[in-house]
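Heads up: the structure comes next, in structure tokens.
None of the values given here were measured: they were computed from a predicted structure. The residues of the chain are indexed from 1 along the displayed sequence.
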Amino acid sequence: MHLLSALVALATDKLWDTILPDMARPLPPLEKERFFLCAGLLLGLITLSATLTQRWVDRDGLGVALAKGLAMGVLAGLPYSFGSTALGLIFIGWSGINELQKFEQ
């Protein structure tokens, strides 16, 4: 896992967890639906961003890059913040260890 993919997913997770619900709270019900539909499209962009980062920066194969991007998009879309859980720490640690291994080679 590339560190950039993990950081983008964590930033989006924090946006989804705190900022977006506060922005949607005063909206009427129909506007809330549109707002969250657009926010869902943002999660699709995160999946694409993580996939492209894994493919072109980390040089993963297309299938592996797509799987990692999809996993990061799903984790960012969960209705609770995974960045402050043990799972989020595992992803950050995993990506950090991968980056350190690259420097050693």
Nearest heavy-atom pair of Leu27 and Lys32: which atoms, and what distance? O-CE, 3.3 Å

Minimal non-hydrogen separation, Ala50 against Met72, with atom names: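 Closest approach of Ala50 to Met72: CB-CB, 4.2 Å.
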
With a 4.5 Å cut-off on side-chain heavy-atom distances among I, L, V, M, F, W and Y, is there a chain of contacts connecting Val8 to Leu48?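 Val8 does not cluster with Leu48.
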
Would a hydrophobic clustering, with Ile, Leu, Val, Met, Phe, Trp and Tyr connected at side-chain separations under 4.5 Å, put Val57 with Leu66?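 They do not share one cluster, since no chain of ILVMFWY contacts under 4.5 Å joins Val57 to Leu66.
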
Within this structure, what is the [atom1]-[atom2] distance for the pair [X] and [Y], rounded to the nearest 0.5 Å?
X	Y	atom1	atom2	result
Leu41	Ile46	CG	CD1	12.0 Å
Arg25	Phe35	CZ	CZ	11.0 Å
Leu52	Leu4	CG	CG	11.0 Å
Thr53	Leu3	OG1	CG	11.0 Å

Donor-acceptor contact below 3.5 Å, side chain [X] vs main chain [Y]:
X	Y	answer
Thr51	Thr47	yes
Gln54	Arg59	no
Arg55	Ala65	no

Any side-chain heavy-atom pair of Glu33 and Leu37 under 4.5 Å: no

